[in-house]
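So the structure is just underneath, and the comments pick up after that.
All figures in this text were calculated on a predicted structure; none of them were measured in a lab.
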Amino acid sequence: MDAFYVALRITLVFYLVTPGSSTCPVGCSCTDDNLGRSLLCMETSMGQIPKDIPEDFIKIRIEKCHLTELPRASFFQVRALEFLWLNFNEITLMNIKSLEGLANLTELRLQGNKLTSVPWTAFQNTPKLKILDLKHNRLDVLPEHALRHLTALTYLDLSFNQLSVISKEVFTNWPLYQTAEKAWGKEGLVSNVVLALHDNPWLCDCRLKGFVEFIRGVSPPIILMNSYLMCSGPASKADKFFHEVQLKTCMKPVASAPETNITLPLGANATLTCLVKARPDPTIHWMYSLKIIRGFAAKETHIDEDTVASQLVIPSLHLADRGLYTCTANNFIGNSSISIALNISSSNFSAPLPPPVPMLSSDENAFIDIRIAKQTVYGVTLEWHAVTENPAETWFTIHFGKYDSPKKEMIYIGPGINSYSVSDLLPVTKYEVCVTLKNHPPREGQCIVFVTGNDISEMEQRERLIHIIVIVLAMVLAVPAGMYACTTEARFSCVDRCVDLWRRQRMHGENLQGTDRQGTFDSLQAASDEGLCRDSEEKPKKRRKSEDKCKGGSAAHLY
């Protein structure tokens, strides 16, 4: 009997002094098995990762618990963790440091959440990760260097997401693929990697050409879970398998017109035709150089797979309809335009064609709010909102060029249009773009000054997003009035440079062509907390709050 009590006391002491063995988060169960200690939390409304998780867990499974995000260092204290299952929650945001401290993690499952993007550099903290399950999320972008840190992976599931266009370089740049491919060729034997990409809305146009060719020729070390990937669009290729389609190389728009100088009698119906050859299909719009009171209809038809005809119909010609009509076509590679001169012949009228410049307006009090709505590696898209007395008759002038250039390019925009794209921007260059009423010079609040970025660093390759219409390289910051909108990379400490420029100008009273410029970027989707709008930890913190704070928004990914 004495021996029994001694054994009981030893067991009790061991239980009390074993770290973490006596605690378990509320609403969860903790067990021990041959793999080690496990935490199971199912169908509880915790809403966030428990902060009191003991450090000795090997496996954590938190499912259907209404988690909405993975904050920084979510499981930092559980350094022995090998298996992490967070399926069927409502996770929409994953911090770039959310996996910090998990050097032993081998399996991560995030099935059935609401992730639209993943900070792929987070996986540099998980060098032993072998299984990554992301199926049934909302991922619509896969960066070119997404798999850079997944060097030990044997299973990657991206099925049932919203991926439409990705580059084959996503996989050919994968270090695991490169090294395993060489080993396979030399030794004839290597561990296979299972890859699931099915049930995504693949857009089979020229942008997917490289990826389709890669999938057709895929071989060990990569094995597709389902090799029958299917196109969801465009209409001509919908529901076809990758092996059934032939895709061509993308092509910048080339605009032309059967006639560029048309003369018609007064009262006749006019049809102006613009032919655009491009891959993928372009966006086409018409611009008028004269004041047009009436709205004209434009219709588009496909001549062949690569050629679109846009016809602008002008019924019952008036004398006011004379002028220069410009057809502009854009796709993600570039743009092209063609101008058509329309003349009106009349027995009682013989005046020459007026110049393609709109008349000055008497509406001096018009309010124009402008912003950079989208940016790409090739340029920016400008949008504006104007409050005028007669919006159906209001014309605008876009002034665009290098900031220090005395002469800016002027583009005239007719009624009903509130956006314009500028392409072929130079890197590390300061530009100014203004929107004014008709042919007026720029006034306060009608301009945006921005600086284009430089080449990206290795650590920021994750920002090189490949999406349906564009490769995104840069980020936009919303900034206070008088500061520049910097579209440059984070490693250039954009905010600090912008603040310094702004502060120097305020101190010396410099005038940006008569006034400080201001732009709004409130439509941009804020990105996750990655330190872009905070001071560097290495710099002194003795700054005024108005200088430290990023007003109006934070860094944003665009697509």
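Side-chain contact between Thr381 and Ser421 is present, with heavy atoms from C-beta onward closer than 4.5 Å. In this structure, His285 and Asn330 have side chains that are in contact, with non-hydrogen atoms separated by less than 4.5 Å. Annotation: side chain of Ile314 is in contact with side chain of Leu342 (closest heavy-atom distance under 4.5 Å). In this structure, the side chains of Ser117 and Val141 stay at 4.5 Å or more apart for every pair of heavy atoms. Between Lys430 and Asp404, the closest side-chain pair of non-hydrogen atoms is not below 4.5 Å. For the pair Ile215 and Phe241, the minimum side-chain heavy-atom distance is 4.5 Å or more. The shortest distance between side-chain heavy atoms of Leu150 and Leu176 does not fall below 4.5 Å. Ser232 is not listed as a side-chain neighbour of Trp202, based on a closest heavy-atom distance of 4.5 Å or more.
Atom CG of Leu142 is separated from atom CZ of Phe171 by 6.0 Å, given to the nearest 0.5 angstrom. Rounded to the nearest 0.5 Å, atoms NE2 (His440) and CZ (Phe396) are 12.0 Å apart. Here the CZ atom belonging to Phe400 is positioned 5.0 Å from the CG atom belonging to Leu425, to the nearest 0.5 angstrom. Ser339 OG to Leu272 CG: the interatomic distance, rounded to the nearest 0.5 Å, is 11.0 Å.
Of all heavy-atom pairs between Thr249 and Lys209, the closest is N-CD, 3.8 Å. Nearest heavy atom pair, residue Ser405 against residue Lys407, reads OG-O, 3.0 Å. Heavy-atom minimum distance, Ser164 versus Leu208: O-CD1, 3.7 Å. Shortest non-hydrogen contact noted between Pro234 and Leu203 is N-CD1, 3.7 Å. Taking each heavy atom of Ile284 and Glu300 in turn, the nearest pair found is CB-OE2, 3.5 Å. Nearest heavy-atom pair, Phe242 versus Cys204, reported as atom, atom and distance to 0.1 Å: CE1-SG, 3.8 Å.
Remark: side-chain polar atoms of Trp120 are not paired, donor with acceptor, to backbone N or O of His149 under 3.5 angstrom. In this structure a side-chain-to-backbone donor-acceptor pair under 3.5 Å is missing from Asp205 to Gly233. Here the side chain of Ser159 pairs no donor or acceptor atom with the backbone of Asp199 at under 3.5 angstrom. Checked by atom type and distance alone, the side chain of Asp157 never pairs as donor or acceptor with a backbone atom of Leu134 at under 3.5 Å. For Asn137 (side chain) and Leu139 (main-chain N/O), no donor-acceptor pair under 3.5 Å exists by modelled atom type. Side chain of Asn200 to backbone of Asn161: a donor-acceptor contact under 3.5 angstrom is found. Judged by distance alone, with hydrogens and angles left aside, the side-chain atoms of Arg279 form no donor-acceptor pair with the main-chain N or O of Asp306 at under 3.5 Å.
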Run the side chain to side chain contact (heavy atoms under 4.5 Å, CB included) test on Ile398 and Val433 for me, step by step, so that the C-alpha distance in whole Å, both residues' side-chain angles and the decisive distance to 0.1 Å come before the verdict.
CA-CA 7 Å; Ile398 294 178; Val433 58; 4.1 Å; yes
Yes or no on side chain to side chain contact (heavy atoms under 4.5 Å, CB included) for Asp281 and His302, after CA distance, side-chain angles and deciding distance?
CA-CA 10 Å; Asp281 284 348; His302 274 81; 3.1 Å; yes
Side chain to side chain contact (heavy atoms under 4.5 Å, CB included) evaluation trace for Tyr431 with Val422
CA-CA 11 Å; Tyr431 288 96; Val422 180; over 6 Å; no
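Of the listed residues (Leu197, Val165, Leu163), just one forms a side chain to side chain contact (heavy atoms under 4.5 Å, CB included) with Phe211, and that residue is Leu197. The only member of Ser337, Pro282, Ser310 that meets side chain to side chain contact (heavy atoms under 4.5 Å, CB included) when paired with Val276 is Pro282. When each of Ile166, Val170, Ile222 is tested with Phe214 by the rule side chain to side chain contact (heavy atoms under 4.5 Å, CB included), just one qualifies, namely Ile222.
For Lys277, the NZ atom counts as densely surrounded, since its 6.0 Å shell holds more than 12 non-hydrogen atoms of other residues, nucleotides or ligands.
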